[in-house]
Amino acid sequence: MSDNRFIDAVLDTMRSLTFKAIDVKELKRGDHIFYVCKPGFYTHHGIYVGNDRVIHFVPAKKANAGAPLRACKKCGYKRKDHLEVVRTCLDCFHTKGFLSGSRLYLYRYGLPRSECEIHRIHCTHMQSYPADQVVARAEEIFESGKQFGKYNFILNNCEYFATYCKCGTAISTQVDQGVEYVRGLIQRNIHRYQQLENGDFCSSS
């Protein structure tokens, strides 16, 4: 096993403590699935609609730069700069599309708030719509041509799209977690600056 594959395996094992891994054979229509994009800073999300197809939201130019120039033999997907909500096979979604990454994980809905506080990311206390309704919402957005607005990593990303399809409320736990981290970092730096202003050079708190 190469060093990179070994590191990926270790990271996947660590993520399994927080994320719910799912095998392709276990996927059901309406599942909200995601994977950790390389190099591991964020996750890409989509709605599995059955028959090896996923509808997901990607930035039109940057993400599709990783898509095949020629149509995929399985799903016909190829680079189209004007599209952002796309329907692809699992391979194009996960292993050769948008910054291919680790194993697939299942986004969890209807968890107790206390459990969501523990995991903090990629889960919610909100209940999912029935699977047929989830798929219908994703298909409607894809087919309508209206798309889902302009992709924005912070304000309107793939997790917002998938959670909107699942429960009618667009949320992004990875953005919330990132904002919380930055807020804490700023607060700590302000505190340290105040310590320096007060001449407290030795305190590490």
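Position 1 is the first residue of the sequence; numbering continues from there.
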For this session: Over all heavy atoms of both residues, which pair between Ala21 and Arg103 is shortest? Give the atoms and the distance, please.
Result: CB-CD, 3.6 Å
Exercise. Which heavy-atom pair separates Gly30 from Val134 by the least distance, and what is that distance?
Worked result: O-CG1, 3.7 Å
Exercise. Which distance, rounded to the nearest 0.5 Å, do you find between the CD1 of Ile22 and the CZ of Arg108?
Worked result: 11.5 Å
Problem set entry | Between Phe93 and Tyr35, ring centroids under 6.0 Å | yes
For this session: Check step by step if side-chain contact (heavy atoms from CB on, under 4.5 Å) holds for Asp91 and Lys74.
Result: CA-CA 9 Å; Asp91 284 346; Lys74 292 179 67 176; 3.2 Å; yes
For this session: Would you check if the side chain of Asp31 reaches a backbone N or O of Leu106 as a donor-acceptor pair within less than 3.5 Å?
Result: no
Problem set entry | Pairwise distance OG(Ser144) to CD(Glu139) - rounded to 0.5 angstrom | 11.0 Å
Seminar exercise, completed: Contacts of Arg53 meeting salt bridge (charged side-chain N to carboxylate O under 4.0 Å, His left out) (sequence neighbours excluded), chain-then-number -> none
For this session: Not counting sequence neighbours, which residues clear side-chain hydrogen bond (donor to acceptor under 3.5 Å, both in side chains) with His32? List them please.
Result: His45, Tyr109
For this session: Using salt bridge (charged side-chain N to carboxylate O under 4.0 Å, His left out) as the criterion, list what pairs up with Asp23, not counting sequence neighbours.
Result: none
For this session: Taking all heavy atoms of Gly110 and all of Gln127, pick out the closest pair and write down the distance.
Result: CA-NE2, 3.5 Å
Seminar exercise, completed: Note: Cys75 and Cys89 closest approach over all heavy atoms is SG-N, 3.3 Å
Exercise. Considering only heavy atoms from C-beta outward, does the side chain of Tyr164 approach that of Arg137 to under 4.5 Å?
Worked result: yes
Exercise. Quick one: are the ring centres of Phe161 and Tyr151 less than 6.0 Å apart?
Worked result: no
For this session: To the nearest 0.5 angstrom, please state how far the SG atom of Cys165 sits from the CD1 atom of Ile47.
Result: 5.0 Å
For this session: Would you check if the distance from the ring center of Phe34 to the ring center of Phe19 is below 6.0 Å?
Result: yes
For this session: Start with the C-alpha gap between Asn157 and Phe57, add the side-chain angles, then the distance that decides, and say whether side-chain contact (heavy atoms from CB on, under 4.5 Å) holds.
Result: CA-CA 7 Å; Asn157 62 35; Phe57 186 35; 5.7 Å; no
Exercise. Within 45° of the ring axis of Tyr48 and under 6.0 Å from its six-membered ring centre, is that where the NZ or CZ of Arg29 lies?
Worked result: no
Seminar exercise, completed: One should read off an interatomic distance between His122 NE2 and Thr163 OG1, to the nearest 0.5 angstrom, of 10.5 Å
For this session: Mind checking the OG-OH spacing from Ser172 to Tyr42? Nearest 0.5 Å is all I need.
Result: 12.5 Å
Exercise. Should Val85 and Ile55 count as side-chain neighbours, where that means a heavy-atom distance under 4.5 Å?
Worked result: yes
Exercise. Can you list the steps and then say if Leu104 with Val24 is a side-chain contact (heavy atoms from CB on, under 4.5 Å)?
Worked result: CA-CA 8 Å; Leu104 288 173; Val24 171; 4.0 Å; yes
For this session: Output, in order, the C-alpha distance, side-chain angles, deciding distance and verdict of side-chain contact (heavy atoms from CB on, under 4.5 Å) for Tyr105 and Thr43.
Result: CA-CA 10 Å; Tyr105 298 96; Thr43 51; over 6 Å; no
Exercise. So do the side chains of Ser128 and Cys167 get within less than 4.5 Å of each other, counting heavy atoms only?
Worked result: no
Problem set entry | Separation between CG of Leu155 and NZ of Lys150, rounded to the nearest 0.5 Å | 12.0 Å
Exercise. Among Ile121, Ile33, Thr124, which residue meets the side-chain contact (heavy atoms from CB on, under 4.5 Å) test with Tyr107?
Worked result: Thr124
Problem set entry | Closest non-hydrogen atom pair between His44 and Cys158, with its separation | ND1-SG, 3.4 Å
Exercise. Backbone N or O of Ile154 within a donor-acceptor pair of the Tyr160 side chain at under 3.5 Å?
Worked result: yes
Problem set entry | Heavy atoms from other residues, nucleotides or ligands near CG of Asn152 exceed 12 (cutoff 6.0 Å) | yes
Exercise. Taking atom types as modelled, is there a side-chain donor on Glu159 or Thr173 under 3.5 Å from an acceptor on the other?
Worked result: yes
